[in-house]
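The structure appears right after this line, and notes come after that.
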Amino acid sequence: MSGQIGYTMSTAETVRFLEQQGHGTLSLATNNRAYGIPISYGYDEDYDRLVMEFVSSETSKRKRFVESTDEVTLTTYEFRDQTTWASVVVTGSLHNVPPEKVSNRAAALFFHRADDAAGDDRWRNDMFDKEWYEIDIETISGRRGEQIPSEE
């Protein structure tokens with residue numbers, strides 16, 4: 001018989017997982033109200049940040065929450081079965097980045113993941129505002145499952 005245990009991922013495993021995933025849930029909060037949104041990102045290891053592009057309208061709920069959130073959390077995970085899973089949680093501050101401050105490398109990291117998620121549709125719609133943001137990572141933690149024999 002076997003059981004399940006999770007273990008803490010090393011820094012190298014956590015970074016590798018962030019690089020491979022490229023999407024997760026960004027959690028924002030204001031006035032004791034939480035708001036989680038699915039998002040694509042690129043992990044920029046050189047600057048220890050996550051780069052993302054927000055696509056929204058002027059009346060966007062996302063914009064209202066971004067303006068009043070001091071600390072954000074991004075969670076990314078993969079679940080195959082009860083013994084094969086991994087998750088990484090990043091906390092930090094979210095900052096608007098002018099397009100000219102987004103390096104070609106960071107943009108390439110992001111667009112690779114965004115194209116995987118949205119396909120050609122992300123290029124067709126000019127009705128929305130597009131703004132670059134970054135999460136300056138303050139904390140990062142990861143856990144993964146591992147199948148082990150149970151003691152009997």
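Values reported hereafter were calculated over all heavy atoms of this structure, with side chains retained and with hydrogens, waters and symmetry mates removed.
- Using a 4.5 Å heavy-atom cutoff, the side chains of Asp136 and His95 are in contact.
- Inter-residue side-chain proximity for Asn96 and Trp132 is flagged as unmet; no heavy-atom pair is nearer than 4.5 Å.
- For Thr30, the side chain to side chain donor-acceptor pair (under 3.5 Å) partners are Ser68, not counting sequence neighbours.
- Put simply, the side chain of Leu94 reaches to within 4.5 Å of the side chain of Leu28, judged on heavy atoms.
- Put simply, the side chain of Phe54 reaches to within 4.5 Å of the side chain of Arg62, judged on heavy atoms.
- Applying the ring-ring contact (aromatic ring centres under 6.0 Å, His included) criterion to Tyr77, with sequence neighbours excluded, gives no partner residue.
- Under the side-chain contact (heavy atoms from CB on, under 4.5 Å) criterion, Asp48 pairs with Tyr43, Ile137, not counting sequence neighbours.
- With no hydrogens or angles considered, no side-chain donor-acceptor pair links Ser87 and Arg143 at under 3.5 Å.
- Residues meeting the salt bridge (charged side-chain N to carboxylate O under 4.0 Å, His left out) test with Glu138, sequence neighbours left out: none.
- Counting only distance, with no hydrogens or angles, the side chain of Tyr41 and the backbone of Gly22 share a donor-acceptor pair below 3.5 Å.
- Residues passing the side chain to side chain donor-acceptor pair (under 3.5 Å) test with Thr91 are Thr139, sequence neighbours excluded.
- Under a 3.5 Å cut-off, the side chain of Asn31 and the backbone N or O of Arg33 do not form any donor-acceptor pair.
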query = Would Val90 and Leu50 count as a side chain to side chain contact (heavy atoms under 4.5 Å, CB included) if you check the C-alpha gap in whole Å, the side-chain angles of each, and the deciding distance to 0.1 Å?
reply = CA-CA 9 Å; Val90 172; Leu50 300 175; 4.2 Å; yes

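- Looking at residues two or more places apart in sequence or on another chain, you find a side-chain contact (heavy atoms from CB on, under 4.5 Å) between Pro98 and Glu100, Lys101.
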Can I get a per-line list of side-chain donor-acceptor pairs under 3.5 Å for residues 9-18, giving both atom names and the distance, sequence neighbours left out?
residue	atom	partner	partner atom	Å
Ser10	OG	Glu13	N	3.1
Ser10	OG	Glu13	OE1	3.4
Glu13	OE1	Ser10	N	2.8
Glu13	OE2	Tyr7	OH	3.2
Thr14	OG1	Ser10	O	2.9

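- The OG1 atom of Thr76 sits 12.0 Å away from the CD1 atom of Ile39 when rounded to the nearest 0.5 Å.
- Of all non-hydrogen atoms in Ser40 and Met52, the two that sit nearest each other are O-CB, 3.4 Å.
- A distance of 9.5 Å separates CD1 in Ile140 from CG in Leu74, rounded to the nearest 0.5 Å.
- Using modelled atom types, no side-chain atom of Thr25 and backbone atom of Pro38 make a donor-acceptor pair closer than 3.5 Å.
- Residues passing the side-chain contact (heavy atoms from CB on, under 4.5 Å) test with Thr75 are Thr73, Val89, sequence neighbours excluded.
- For the pair Tyr133/Glu131, a side-chain contact is recorded, criterion being any heavy-atom separation below 4.5 Å from C-beta on.
- Listed by chain and residue number, Glu78 satisfy the side chain to side chain donor-acceptor pair (under 3.5 Å) test with Arg80 (two or more places apart in sequence, or in another chain).
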